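Because the structure is predicted, anything quoted here is derived from the model rather than measured.
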Amino acid sequence: MKVYGVSGLPGSGKSVISRIAKKEGIYTISMGNVIRKEAEKNNCSTGTMAVKLREKYGKNVVANRCVNEVYTHSKNNRHNKNNKVTVKKIYTTHSKNNKPQRYKKIEQDIYIIEGIRSPAEVTYFKKHFKNFKVIGIHSSPEKRFNRLKRRKRSDDSTDYIEFSRRDERELRFGIGDVIALSDYMLINDGPIQVFKNDIKALIANEIKLQNRSNNKNSGKQNRKYPKGQKKSKKYNKQRYNNKQQKR
């Protein structure tokens, strides 16, 4: 199991990562959606609900619900006959001593948790998931405000003063420290396609990266002998005969 967290201020592009990850077959969980559902139940704003939830159940209440969702989904996957973990043989190669080595590709459960706000949540996730890593997103306030105005979600404001207050509330949670200490950093201040390409590259090169062999013959499948093996046998035989003649 591989679990990654995404952190960024409102309008930075967290949902873009989630959409692309879903298309790549990665299960995504939104911490913001957890709060929004509770806000709807209690008929209050998401900002108020975010504070109330943590005051009532502790600072890791949302993180705990996400951890439970990851474990539940992973458990269901293991018991679902239609979603077996796939193991594929890629190829057989030979090492320097000509011993055959089999390489296998294992499809792992990969999860992305979007919307981490505090260092305490990062610590909580690291306690439950080995090698948990954070993807931070940086974007200027002006760019983010314009995106929120276009997005028009229920908790988004078209008033810049209210937008600034929301940023201050997020920063009080400690989101600035989470972004500053993230394992990967993405910048979303230019064209959206550039940002999308950066996300796809991160997923391909880091998140879904499989073990690869450095052997030159690694791409050849079911080859009986590695390239140059017969020549090396012939060369070794010649050397043996030359030694015998010298004696």
Are the side chains of [X] and [Y] in touch, meaning some heavy atoms are under 4.5 Å apart?
| X | Y | result |
| --- | --- | --- |
| Ser12 | Asn188 | no |
| Pro141 | Tyr160 | yes |
| Glu114 | Thr28 | no |
| Lys126 | Thr123 | no |
| Tyr27 | Glu69 | yes |
| Arg54 | Ile35 | yes |
| Ile135 | Ile207 | yes |

Give me the one residue out of Arg165, Arg117, Arg144 that meets salt bridge (Lys or Arg N to Asp or Glu O under 4.0 Å) with Glu170.
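One option only clears the test, and that one is Arg117.
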Could you tell me whether Glu206 and Lys2 have a side-chain N and a carboxylate O separated by less than 4.0 Å?
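Salt bridge: no.
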Whether Arg65 and Glu38 form a salt bridge (side-chain N of Lys/Arg under 4.0 Å from carboxylate O of Asp/Glu) is what I want to check.
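Looking at Glu38 and Arg65, the cut-off is met.
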Are Arg147 and Ser139 linked by a side-chain donor-acceptor pair shorter than 3.5 Å?
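Yes.
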Residue from Ile187, Leu9, Ile17, Val16 passing side chain to side chain contact (heavy atoms under 4.5 Å, CB included) with Ile137
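The side chain to side chain contact (heavy atoms under 4.5 Å, CB included) with Ile137 is passed solely by Ile17 among Ile187, Leu9, Ile17, Val16.
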Pick out which of Asn68, Val70, Val67, Asn64 makes a side chain to side chain contact (heavy atoms under 4.5 Å, CB included) with His128.
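That would be Val67.
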Please report the shortest heavy-atom distance between [X] and [Y], naming the atom on each side.
| X | Y | value |
| --- | --- | --- |
| Val134 | Ser7 | CG1-CB, 4.3 Å |
| Ile112 | Ala21 | CD1-CB, 3.7 Å |
| Gly13 | Phe195 | O-CE2, 3.7 Å |
| Pro10 | Asp167 | CD-OD1, 3.7 Å |
| Ser118 | Val178 | C-CG2, 3.3 Å |
| Asp189 | Lys143 | O-CE, 3.1 Å |

Atom pair [atom1] ([X]) and [atom2] ([Y]), whose distance is rounded to the nearest 0.5 Å:
| X | Y | atom1 | atom2 | result |
| --- | --- | --- | --- | --- |
| Ile179 | Leu186 | CD1 | CG | 11.5 Å |
| Asp109 | Asn77 | CG | CG | 5.0 Å |
| Ile192 | Asn197 | CD1 | CG | 10.0 Å |
| Thr48 | Leu53 | OG1 | CG | 11.0 Å |
| Phe163 | Ile161 | CZ | CD1 | 12.5 Å |
| Asn42 | Lys52 | CG | NZ | 7.0 Å |

Are the ring centres of Tyr71 and Phe129 closer than 6.0 Å?
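Close enough - the centres of the two rings lie under 6.0 Å apart.
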Just checking Gln193: does its CD atom have more than 12 heavy atoms from other residues, nucleotides or ligands closer to it than 6.0 angstrom?
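Check passes, neighbour count above 12.
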Does Asn43 CG have over 12 foreign heavy atoms under 6.0 Å away?
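Result for CG/Asn43: open.
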Judged by atom type as modelled, is there a donor-acceptor pair below 3.5 Å linking the side chain of [X] to the main-chain atoms of [Y]?
| X | Y | value |
| --- | --- | --- |
| Ser182 | Met185 | no |
| Lys208 | Glu24 | yes |
| Lys14 | Gly8 | yes |

Mind running side chain to side chain contact (heavy atoms under 4.5 Å, CB included) on Asp159 and Phe145 for me, showing each step along the way?
CA-CA 9 Å; Asp159 179 63; Phe145 178 63; over 6 Å; no
Is there a path from [X] to [Y] through hydrophobic residues (I, L, V, M, F, W, Y) whose side chains come within less than 4.5 Å of each other?
| X | Y | answer |
| --- | --- | --- |
| Ile29 | Met49 | yes |
| Ile199 | Ile110 | yes |
| Val61 | Phe125 | yes |
| Val122 | Val62 | yes |
| Leu181 | Tyr124 | no |

Could you label the plane-to-plane angle of the Tyr111 and His73 rings as parallel, tilted or perpendicular, counting under 30° as parallel and over 60° as perpendicular?
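Ring orientation, 0 to 90° scale: perpendicular.
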Kindly assign one of parallel, tilted or perpendicular to the pair Tyr4 and Tyr184, based on the angle between their ring planes and the thresholds 30° and 60°.
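Rings of Tyr4 and Tyr184: tilted, 30 to 60°.
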